[in-house]
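Convention: sequence-line order gives letters A, B, ...; per-chain numbering from 1. As a basis for the values below, the full set of heavy atoms in this structure was taken, side chains included, without hydrogen atoms, waters or symmetry mates.
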Protein chains: 2
Amino acid sequence: MTATDLVAETQGGADDPRTLHQQVLARLRQSILLGRIEPGQALTIRGLAAELGVSAMPVREALRELVAERGLELMDNRRVRIPLMTIERFDDLIAARVVLEAEAAARAMPYVTDALIARLEAQDAVINEAEAARDYDAWIGANFAFHAMLYGAAGQSAFLPLIESLWLQIGPFLRRAMRTLSGHYTVDRHSEALAALRRRDTMALRIAIEADIRDGIAHIGSTLIRRDMLGKVPGGNMA
Amino acid sequence: MTATDLVAETQGGADDPRTLHQQVLARLRQSILLGRIEPGQALTIRGLAAELGVSAMPVREALRELVAERGLELMDNRRVRIPLMTIERFDDLIAARVVLEAEAAARAMPYVTDALIARLEAQDAVINEAEAARDYDAWIGANFAFHAMLYGAAGQSAFLPLIESLWLQIGPFLRRAMRTLSGHYTVDRHSEALAALRRRDTMALRIAIEADIRDGIAHIGSTLIRRDMLGKVPGGNMA
DNA sequence: CCTGCGAATATGTGATCACATGGCGGCATG
DNA sequence: CATGCCGCCATGTGATCACATATTCGCAGG
């Protein structure tokens with residue numbers, strides 16, 4: 001894996017006001033979310049530091065945060081890797097997404113404006129373009145942006161971080177699933193969600209969000225976890 | 001605030017197999033959860049290191065993790081503090097707890113055994129003892145242990161960390177609320193939950209859990225946020 | 001040829017240091 | 001006496017080093 005594989009070079013100039021560890025964190029988080037890092041792959045502090053051209057310190061701090069966000073996992077040999085997936089865990093993650101995102105969407109409804117709907121429609125168009133172009137990085141990123149835009153309408157300070165943690169845990173496998181599926185047609189119910197938003201129909205919105213999560217991801221993932229993800233790494237625990 | 005105020009001295013011997021940063025993390029997390037640290041209070045790396053008798057490095061890493069878990073908040077002056085509370089945020093936190101914990105409880109039901117129920121009953125007794133003794137630290141800790149014991153029955157790898165994050169955010173204010181309320185009678189619906197468990201009645205369990213969260217905490221917190229928590233710190237943002 | 005032991009290497013952890021920034025108080029000035 | 005400026009002190013950030021441990025690779029013995 002090369003440096004450009006691991007982290008997008010698009011961000012982080014010399015005059016970036018963020019601290020180095022924040023830049024490293026953002027880049028690693030995106031790499032995980034977009035599935036650029038192989039599940040089970042161990043990440044080393046010195047290795048990442050060399051790739052990113054920084055010292056070990058910012059990398060250490062970024063890895064700690066990502067472990068806390070459950071995007072990475074600390075093994076008992078004290079090394080850090082992308083967590084492996086089990087069917088049970090995947091099922092839990094989807095279930096958590098459903099209840100959390102359905103509720104977040106419902107709570108956003110009172111704050112939905114026509115302007116927000118317009119922005120969501122534009123974002124949906126971006127998603128469709130990415131799908132047409134078979135650009136999975138863009139698709140995943142735009143898809144998350146769509147959801148975050150909706151849930152963030154209410155300025156919900158509690159829901160979004162939890163949802164982002166779930167995405168971070170699913171990301172590596174979602175990407176892999178899309179790359180594996182032959183037809184890799186992606187399903188989304190965003191038009192249904194948008195219709196519900198226009199009618200200010202909270203119940204329909206909940207249903208659309210739940211359907212979007214379940215139909216778009218659940219069946220895809222469960223098909224490939226078994227044959228692709230498990231037992232790929234020699235030792236290691238799941239704790 | 002003295003060292004013994006901030007961290008319980010009960011854990012962390014010389015032969016603790018955990019790394020120093022993990023010990024520091026556990027102690028700080030407990031301090032936040034039990035409300036030992038004042039909301040808005042800024043924590044300094046060097047200060048904590050001195051109190052805990054360690055160098056700055058483990059403290060830095062622990063603070064980073066707690067920020068990622070939302071138990072602490074990174075201000076744009078780069079200092080770290082206990083987040084302030086707003087009514088909106090409290091409302092969000094309770095709502096997230098309700099949907100997440102009700103679902104987690106329902107998903108645990110298939111794994112409920114008589115032995116688990118017996119352990120939960122014992123834990124409920126511990127809670128009642130703590131309440132009778134007016135020991136709020138013990139009450140909060142035992143209460144969380146009760147919920148975690150139930151949700152953990154299914155080995156749910158996704159729900160528990162999210163729920164723990166919510167507790168960490170509520171903890172400082174819950175403790176403060178209990179100390180403030182004159183009668184400080186604590187409500188819990190654990191007996192209802194236990195009855196539902198014995199009947200293996202998932203719907204009743206959901207209702208009991210939701211009632212436990214809402215009745216036990218929601219009304220308590222909302223009464224004192226306004227007059228006690230806000231504007232206690234000079235500057236500072238909420239980001 | 002396989003297996004087990006041991007040395008060399010890689011890695012995480014913790015400590016310490018240098019530096020830039022922010023906060024705070026004293027002091028001068030109007 | 002009030003106000004604004006300036007310098008000192010506290011603090012976070014990043015780098016580097018020493019050390020303990022884990023891993024790995026090679027070699028010897030069966």
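Summarising the geometry, the separation between CG on B:L25 and P on C:dT13 is reported as 13 Å, rounded to the nearest angstrom. Taking atom CG of residue B:L43 and atom C1' of nucleotide D:dG12, one finds them 14 Å apart after rounding to whole Å. Going from atom CZ of A:R64 over to atom P of D:dG14 covers 16 Å, rounded to whole Å. Put simply, CG on A:L48 is 16 Å from P on C:dA10, counting in whole angstrom units. Taking atom CE on A:M75 and atom P on C:dT13, their separation rounds to 11 Å, with Å as the unit. In this entry the distance linking CG of B:L74 with P of C:dG22 reads 13 Å, nearest Å. The CD-P distance, from A:Q41 to C:dT11, rounds to 12 Å in whole Å. Nucleotide C:dG14 holds its P atom 15 Å from the CD1 atom of B:I45, rounded to whole Å.
A sub-4.0 Å separation between OP1 or OP2 of D:dG12 and a side-chain N or O of B:R81 is absent.
Legend: residues meeting salt bridge (Lys or Arg N to Asp or Glu O under 4.0 Å) with B:D135, ordered by chain and number and at least two apart, are absent. Residues meeting the salt bridge (Lys or Arg N to Asp or Glu O under 4.0 Å) test with A:R29, sequence neighbours left out: A:E69. With sequence neighbours excluded, no residue satisfies side-chain hydrogen bond (donor to acceptor under 3.5 Å, both in side chains) with A:S55. Qualifying side-chain hydrogen bond (donor to acceptor under 3.5 Å, both in side chains) partners for B:E61, counting only residues two or more places apart in sequence or in other chains: A:R64.
Of the possible polar contacts, one joining the A:Q22 side chain to the A:T19 backbone as a donor-acceptor pair under 3.5 Å is found. Side-chain N or O atoms of B:E103 include none that pairs as donor or acceptor with a backbone N or O of A:A96 at under 3.5 Å. The main-chain N or O of B:A142 is found under 3.5 Å from a side-chain atom of B:Q123 such that the two form a donor-acceptor pair.
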Once base and sugar-phosphate atoms are separated, protein heavy atoms under 4.0 Å mark nucleotides 20-25 of chain D, 5' to 3', with B, S and - as --SS--
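No donor-acceptor contact under 3.5 angstrom links the side chains of B:E129 and B:W139, judged on distance only.
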For the pair B:Q169 and B:R89, evaluate side-chain hydrogen bond (donor to acceptor under 3.5 Å, both in side chains) and give the outcome as yes or no after the intermediate values. CA-CA 10 Å; B:Q169 295 179 66; B:R89 191 168 87 100; 2.9 Å; yes
Please list, for nucleotides 15-19 of chain D, all pairs of protein and nucleotide N/O atoms separated by less than 3.5 Å.
unit_1: D:dA15; atom_1: OP2; unit_2: A:S55; atom_2: N; d: 3.3
unit_1: D:dA15; atom_1: OP2; unit_2: A:S55; atom_2: OG; d: 2.1
unit_1: D:dA15; atom_1: O5'; unit_2: A:S55; atom_2: OG; d: 3.2

